[in-house]
Amino acid sequence: GLSEKLQTAVSKMSGQSSLTEENIKDALRDVRLALLEADVNFLLVKEVVEQIRQKAVGVALEKGVQPAQKLFSLVHEQLVELLGGEQPTPFQLSSGRQHKILMVGLQGSGKTTTAGKLARYFKDLKPTLVAADIYRPAAISQLATVAKQAGADFYQAGQKDPVEIAREGLAKAKESNSRLVILDTAGRLQIDEDLMNELIRVKAAFEPDHILMVLDSMTGQEAIKVAQAFDEKLNITGVILSKADGDARGGAALSVSKVTKKPILFLGIGEKLDGLELFSAQRVASRILG
Amino acid sequence: VFGQGAGHEEILEEIEAILIQADLGVKTTQRLLDQVRPLVETNQIRDSTALIEKLRELIQKQMSLHVSPLKLNEKPFSVVLIAGINGVGKTTTTAKIGNLLQATGKKCMFAACDTFRAGAVEQLGIWGERLNIPVITGSEGQDPASVAFEAMKKAQKEDIDVLLIDTAGRLHTQKNLMEELGKIQRVIQKNMPAAPHEIFLVLDSITGQNAVHQARMFHEMLKLTGLVMTKLDGTAKGGVVFGIQEELGLPIRFVGVGEKFTDLQPFDPQSYSQALFE
Ligand SMILES: Nc1nc2c(ncn2[C@@H]2O[C@H](COP(=O)(O)OP(=O)(O)OP(=O)(O)O)[C@@H](O)[C@H]2O)c(=O)[nH]1
Ligand SMILES: Nc1nc2c(ncn2[C@@H]2O[C@H](COP(=O)(O)OP(=O)(O)OP(=O)(O)O)[C@@H](O)[C@H]2O)c(=O)[nH]1
Ligand SMILES: [Mg+2]
Ligand SMILES: [Mg+2]
């Protein structure tokens, strides 16, 4: 990974008392390469490498600390900071009131499965899953099964307007005293005006407390544009990175954090409903660096 | 000439930015730029427009080398196996290919070998209804290889021309699931030695460099005969596929450009290479 690469790049730093413009030049090239190979957005990489360069130049090298180690830890720290910091407050939902979560994202990103994972995670709130994907074949049936597996209530109204489904789902949740309503929506391209407008209307009717964008961990350079569009249109409140159980480096995490400034709340780490873990900036930063 | 040196690097960097943002990846981009650097340095290419055209032509030429005919006229019937990681569009692509082949007069059949995911069998079943294509299903959680086996038997009986086998999404890092895929293939082969005649890896065009790992692992397990790129109606360029094709020599059979069963096109190196720079 990067730490080994840096060993070679900065071996000429040994014997020096501080990191300098000159002695970190090669190393920064390796950092840039590592970030690009990890799918971090190209323009963001430029920015991040520059931030690291500014932080690194002039840093004294303490006795016993290898220059490569020092630079690597600076890079790691910078990524952790960009990802929202080392100790983000874990996502919690108080039991004293009703919560509404709207799931959004591109086709196939993992919204329906993640909706089930959240329902299982917040089981104590007696969650209701509401099926507002009226397009995808068997989407309603998929969510119905997921709800059963999660031990959650389920509401569907066939192919009605998603705005109607949202309202009816809320009414059902109210009468069954469910304190968490999770609305699953159809996948859509961020450039699809009609479908993005549908989501804006659904948001207005549903009035969610949380709008969670689900994004595939292996998303490439386009992650930044996708996240920006969903955020601009909907003002998302958080992100869930799905399929983080693969071997994707996950640079999309950095792009999404930087462009939306919204927290990454969870990582999807499997197909089963227990495959959800709280986001850790440390772990994701390490993985991006490879 | 004064300032000429700076101009060369700037032109190359401008194009490097375009290619990396199209998901070609750093190494693939470097290789391409190395091919054209001499032309820039000797001023045979003087501006970014000319460089873009040169690269576009290079990419198109290279991708046109990996075109080969599909094996869809085999007797008694052709078998197409559809594989890929979760959510890329395998089931929808299976429906689209079925529609395409049916329109050319081929009698098609679907095998619903995703016996794991919620709603998977029903999803393919709906596509089958819409297209009037029979769907072979098993029981929930049934070994997908045995469903494939049953489908082979049924296809033989029903005088089918092409059997399309949809499989469950799986990560290339899930050893047991990759072996399950290998088993599906072996069971098909046992029944018909030349089958599956076509083995497609479906890739989501928005995927970054991880697509290279996906392709390598699926190719290692199955010996793929082609790639399908989906969701090219989005803003992603699918640049990662260029490097995959360079490395594995696999043809790109189709591209998915939407969610309807008609949203499938043959791969066109010209429009692909052009779109990379748009
Ligand atoms: N390995 C793994 N697979 C996942 C994860 N999350 C979802 N999946 C799988 O990804 C595929 C797509 O998940 P869905 O929940 O159907 O995705 P979606 O966003 O609802 O899809 P659309 O409704 O079509 O937009 C399914 O095969 C899921 O089982 C995850 O964290 N890890
Ligand atoms: N915009 C667009 N969406 C697509 C395309 N192909 C598939 N989709 C959508 O992507 C989502 C996932 O498609 P599926 O066919 O269920 O994907 P899959 O690979 O079978 O998923 P799993 O079986 O869960 O692994 C659905 O919402 C499809 O409508 C495409 O070319 N363009
Ligand atoms: Mg869904
Ligand atoms: Mg499928």
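Just so we're clear, the structure is a prediction, and the values are computed from it rather than from any experiment. Labels below follow one simple rule: chain letters A, B, ... track the order of the sequence lines, proteins then strands, and each chain is numbered from 1.
- For the atom pair CE of A/Met218 and CG of B/Asn86, the computed distance is 7.5 Å after rounding to the nearest 0.5 Å.
- In terms of heavy-atom pairs under 4.5 angstrom with chain B, the leader among A/Val146, A/Asn41, A/Asp245 is A/Asp245.
- Of the listed residues (A/Gly187, A/Ser217, A/Ala138, A/Pro137), the one with the most heavy-atom contacts under 4.5 Å to chain B is A/Pro137.
- Between B/Gln209 and A/Leu36, the closest side-chain pair of non-hydrogen atoms is not below 4.5 Å.
- Within a 6.0 Å sphere centred on CD of A/Glu193, other residues, nucleotides and ligands contribute 12 heavy atoms or fewer.
- With rounding to the nearest 0.5 Å, the separation of CD in B/Gln30 from CG in A/Leu33 is 7.5 Å.
- A/Glu271 contributes atom CD, which lies 6.5 Å from atom CD of B/Gln174 (distance to the nearest 0.5 angstrom).
- Atom CD of residue B/Glu140 and atom OG1 of residue A/Thr145 lie 8.0 Å apart, to the nearest 0.5 angstrom.
- Atom CG of B/Asn132 sits in a sparse spot, with 12 or fewer heavy atoms from other residues, nucleotides or ligands closer than 6.0 Å.
- Ranked by heavy-atom pairs under 4.5 Å with chain A, the first of B/Thr230, B/Ile85, B/Thr207 is B/Thr207.
- Among the candidates A/Val226, A/Leu215, A/Leu189, A/Asp216, the single residue satisfying the side-chain contact (heavy atoms from CB on, under 4.5 Å) test with B/Ile206 is A/Val226.
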What verdict does the side chain to side chain contact (heavy atoms under 4.5 Å, CB included) test give for A/Asp247 and B/His213, after you've listed the backbone C-alpha separation in whole Å, the side-chain angles of each residue and the deciding distance to 0.1 Å?
CA-CA 8 Å; A/Asp247 61 356; B/His213 296 245; 3.7 Å; yes
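- For A/Arg136 and B/Glu122, the salt-bridge test fails: no basic side-chain N is under 4.0 Å from an acidic carboxylate O.
- Proximity to chain A (any heavy atom under 4.5 Å) is shown, for B/Lys237, by neither the backbone nor the side chain.
- A donor-acceptor contact closer than 3.5 angstrom links the side chains of B/Glu259 and A/Gln107.
- B/Asp23 CG to A/Gln221 CD: the interatomic distance, rounded to the nearest 0.5 Å, is 5.5 Å.
- The shortest distance between side-chain heavy atoms of B/Gln21 and A/Glu222 does not fall below 4.5 Å.
- Per-residue heavy-atom pair counts under 4.5 Å with chain B were compared for A/Leu43, A/Thr219, A/Leu106, and the maximum is reached by A/Thr219.
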